[in-house]
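Here's the structure we're looking at; comments come further down.
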Amino acid sequence: MVSISKTFLPLNTQGGNSQLPVIGFGTYTISDKKIILDVLDVALGAGYRLIDTAAVYNNEQYIKEALKVLLPKYHLKREDLFITSKLAPKDHGDEKQVTAAVQRSLDNLGTSYLDLYLIHWPGAGRIDAKSPENSKLRNLTWKTLMKLHDNGNGSLKNIGVSNYTVKHIKEMLADPTNIVPAVNQVEFHPYFQQSSEFHKVCKNAKIVLQAYCSMGGSAGKNSLLNDEVINRIAKKHSISAAQVLLRWAIQRNYAVIPKSVTAERIKTNFDLDTELTKEDVDDINNIKHTEKFAWEPEVIA
């Protein structure tokens with residue numbers, strides 16, 4: 001049996017590396033140079049090959065410096081990795097502005113291409129959430145990303161979105177000149193499972209879903225790791241609560257990008273071969289508690 005860590009989700013686009021590793025390493029809130037080096041050292045050693053970052057994480061340059069050291073150490077080449085970055089909300093806009101933002105990320109990461117580049121947020125920085133300008137700007141942004149993608153021949157091998165709701169996705173799909181996003185990276189966990197309409201729209205459009213906040217919020221809000229149902233299932237399988245949460249997301253057809261700065265957790269988060277039973281998955285699906293830990297995209301016009 002192939003380990004889940006070696007499996008991929010096919011992307012609907014586009015060119016270059018059109019297979020998304022099911023498990024990636026998230027770097028949100030890790031903005032210390034030494035810590036980035038340490039965690040990527042453990043992650044690459046454990047077998048992670050997807051690194052997820054964003055302009056607003058302020059760590060792209062540290063990732064570049066870490067990879068200079070770590071790629072030779074693990075006998076890897078750039079093309080062995082799948083690197084994702086994201087456009088900051090302040091950089092929505094015309095072709096010149098978006099192109100400059102993409103180039104900054106490429107330079108910061110020390111690479112000539114990105115395997116996946118996402119619009120991080122459907123709203124533009126410094127504009128009221130309810131302003132129709134948001135719609136105009138994200139459409140302009142997408143048109144530029146399509147040019148930079150250039151049917152897979154450009155510097156962005158796959159392009160996608162993050163935090164897009166049903167409304168934002170339907171708007172994109174309504175324009176027949178648009179490429180369908182390869183990925184939508186969204187908050188998804190047992191306390192916030194997205195709507196059935198959301199899943200239907202993304203599935204019909206062949207948009208791959210990638211979960212963040214799989215274990216709940218940061219800043220001490222890790223109530224999911226203490227959830228009674230999750231811990232009962234973890235005990236039953238002799239795995240951690242985090243492994244249950246990540247495996248559940250995968251069995252719900254999501255890719256995952258767990259983040260940790262603890263070596264042991266980085267390793268166990270990649271070891272997700274224990275399959276949950278249908279009963280386990282149903283029990284988690286039926287958890288009644290609802291809580292959202294991250295920003296709210298529904299308010300963006």
Side-chain angles (χ1 to χ4, degrees), residues 24 26-31 51-60 83-106 108-109 114 116-146 148-149 156 158-175 178-189 192 194-195 198 201-202 205 207-214 217-219 254-255 257 259 292-301:
T27 64
Y28 175 57
T29 72
I30 311 176
S31 52
I51 300 169
D52 179 273
T53 184
V56 297
Y57 299 172
N58 294 316
N59 62 17
E60 290 174 325
I83 300 178
T84 301
S85 195
K86 311 179 194 84
L87 180 97
K90 70 176 177 60
D91 291 321
H92 273 289
D94 62 23
E95 190 170 336
K96 189 176 170 190
Q97 187 164 336
V98 173
T99 302
V102 170
Q103 192 56 53
R104 260 197 312 280
S105 282
L106 291 168
N108 284 341
L109 285 159
L114 286 165
L116 178 63
Y117 191 76
L118 306 177
I119 293 179
H120 204 157
W121 184 245
R126 302 182 299 278
I127 286 176
D128 186 81
K130 294 183 171 45
S131 167
E133 276 300 299
N134 286 299
S135 173
K136 284 185 201 161
L137 284 168
R138 66 176 169 263
N139 188 47
L140 261 178
T141 294
W142 191 245
K143 298 297 188 199
T144 299
L145 295 187
M146 290 196 322
L148 295 171
H149 165 60
L156 305 179
N158 298 279
I159 53 175
V161 295
S162 181
N163 299 295
Y164 270 44
T165 65
V166 168
K167 170 181 66 184
H168 305 127
I169 293 164
K170 282 184 168 175
E171 176 190 88
M172 285 188 92
L173 299 177
D175 181 343
N178 277 339
I179 287 175
V180 176
V183 171
N184 188 8
Q185 188 185 106
V186 293
E187 180 174 357
F188 179 74
H189 47 75
F192 186 79
Q194 298 286 347
S195 68
F198 173 84
V201 167
C202 291
I207 298 169
V208 169
L209 294 171
Q210 192 177 45
Y212 71 80
C213 273
S214 292
S218 51
Y254 275 73
I257 43 169
K259 179 214 79 178
K292 197 169 187 316
F293 296 105
W295 40 3
E296 177 51 85
E298 289 288 350
V299 299
I300 305 293

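Quick caveat: nothing in here was measured; it's all calculated off a predicted structure.
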Does atom NZ (Lys170) have a neighbourhood of more than 12 heavy atoms from anything else shown, all under 6.0 Å? no
Nearest 0.5 Å, what's the CG-CG distance between Leu156 and Leu118? 10.0 Å
Which pairs with one or both residues in residues 123-136 pass side-chain hydrogen bond (donor to acceptor under 3.5 Å, both in side chains), sequence neighbours excluded? Glu133-Lys136, Ser135-Glu171
With side chains defined as the heavy atoms from C-beta onward, is the minimum distance between Asn178 and Asn139 less than 4.5 Å? yes
Test your reading of the model: is there a side-chain donor-acceptor pair from Trp121 to the backbone of Lys90, 3.5 Å cut-off? no
For Gln194 against Glu187, the heavy-atom pair lying closest together: NE2-O, 2.9 Å
Report yes if some heavy atom in the side chain of His149 is under 4.5 Å from a heavy atom in the side chain of Leu145; otherwise report no. no
Going through the distances and angles, do Thr53 and Glu60 end up as a side-chain hydrogen bond (donor to acceptor under 3.5 Å, both in side chains)? CA-CA 7 Å; Thr53 184; Glu60 290 174 325; 5.1 Å; no
Looking at CG of Asp52 and OH of Tyr28, how far apart are the two atoms once the value is rounded to the nearest 0.5 Å? 12.0 Å
Output for pair (Phe188 CZ, Cys213 SG), nearest 0.5 Å, gives 12.5 Å
Is the shortest side-chain heavy-atom distance between Leu209 and Gln185 below 4.5 Å? no
Quick one: does Lys143's side chain get under 4.5 Å of Asp175's, heavy atoms only? yes
CG/Asn59 to CD1/Ile51 distance, rounded to the nearest 0.5 angstrom? 10.0 Å
Only one of Thr144, Ile119, Leu140 clears side chain to side chain contact (heavy atoms under 4.5 Å, CB included) with His92; which? Ile119
Inter-residue atom distance Ile159.CD1 - Ile179.CD1, 0.5 Å rounding: 4.5 Å
Applying side-chain hydrogen bond (donor to acceptor under 3.5 Å, both in side chains), run through Ser162 and Lys86 and close with a yes or a no. CA-CA 8 Å; Ser162 181; Lys86 311 179 194 84; over 6 Å; no
Approximate separation, where rounding is to 0.5 Å, of Arg104 CZ and Leu109 CG: 12.5 Å
Nearest atoms (heavy-atom pairs only) where Leu116 meets Gly160: CD1-N, 4.2 Å
So do the side chains of Tyr212 and Asn163 get within less than 4.5 Å of each other, counting heavy atoms only? yes
What I'd like to find out is whether the side chain of Ile169 reaches to under 4.5 Å of the side chain of Cys202, using heavy atoms alone. yes
Does Asn184 reach the side chain of Phe198, with side-chain heavy atoms less than 4.5 Å apart? yes
Which atom of Pro181 lies closest to which atom of Ile207, heavy atoms considered: O-CG1, 3.4 Å
Aromatic rings Tyr57 and His120: how do their planes relate, parallel, tilted or perpendicular, breaks at 30° and 60°? perpendicular
